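See below for the structure under consideration.
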Amino acid sequence: KLLAETEADEKDSEDSYEKQTKANKIAKAEKETSAKYKTKELKDTEAELAELSGDKTSEQSELDAVLEYYSSIKKQCVAKPDSYEERKARREAEINGLKDAL
């Protein structure tokens, strides 16, 4: 009777071990596959990051050129009021010209 119980326990233990081993193999395969895809995704993301960094650099240089051009045009387009001394000198020259004409 004891031998039969021991053999039954051993058989149960062996079945349990086989089930656990099978589950471990499946889990290992899933994790390896997951790691492979995540590594590929990481490489793709790094490549995209490098491309976007290059795009950002070119866009930034273009923006800097546009802003520099804008600042040079702005100086030409925006009317600056004359200083008081310039207006006074122009007025005096105009008055002197009118006096000479009379």
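Since the model is a prediction, treat every value here as computed from it, not as a measurement. What's counted below: heavy atoms across the whole structure, side chains too, no hydrogens, waters or symmetry copies. Residue numbers run from 1 in the order of the sequence given.
Side-chain contact between Thr39 and Leu42 is absent, with no heavy-atom pair separated by less than 4.5 Å. In this structure the side chain of Lys22 never reaches within 4.5 angstrom of the side chain of Glu18, judged on heavy atoms.
Counting non-hydrogen atoms of neighbouring residues, nucleotides and ligands closer than 6.0 angstrom, the CD atom of Glu68 reaches no more than 12 such neighbours. Dense packing is recorded around CD of Glu5, with more than 12 heavy atoms of other residues, nucleotides or ligands lying under 6.0 Å away.
To the nearest 0.5 angstrom, Thr33 atom OG1 is 12.0 Å from Lys38 atom NZ. In this structure, CG on Asn96 lies 6.5 Å from CG on Asp100, to the nearest 0.5 angstrom. Rounded to the nearest 0.5 angstrom, Glu48 CD and Ser53 OG are separated by 10.5 Å. Atoms OG1 and CD, on Thr21 and Glu14 in that order, are 10.5 Å from each other to the nearest 0.5 Å.
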Please determine whether salt bridge (Lys or Arg N to Asp or Glu O under 4.0 Å) holds for the pair Lys11 and Asp15, giving the CA-CA distance in whole Å, both sets of side-chain angles, and the decisive distance to 0.1 Å. CA-CA 6 Å; Lys11 179 67 175 163; Asp15 290 343; 3.8 Å; yes

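Formation of a donor-acceptor pair under 3.5 Å by the Ser16 side chain with backbone atoms of Asp12 is not found in this model.
Asp64 and Gln60 form a side-chain donor-acceptor contact under 3.5 Å, judged by distance and modelled atom types alone.
A salt bridge links Lys40 with Asp44: the distance from a Lys NZ or Arg NE/NH1/NH2 to an Asp or Glu carboxylate oxygen falls below 4.0 Å.
Counting side-chain heavy-atom gaps under 4.5 Å among Ile, Leu, Val, Met, Phe, Trp and Tyr, the cluster of Ile73 also holds Tyr69.
For the pairing with Lys28, the side-chain contact (heavy atoms from CB on, under 4.5 Å) check across Glu32, Lys31, Glu30, Lys25 returns one residue only, Glu32.
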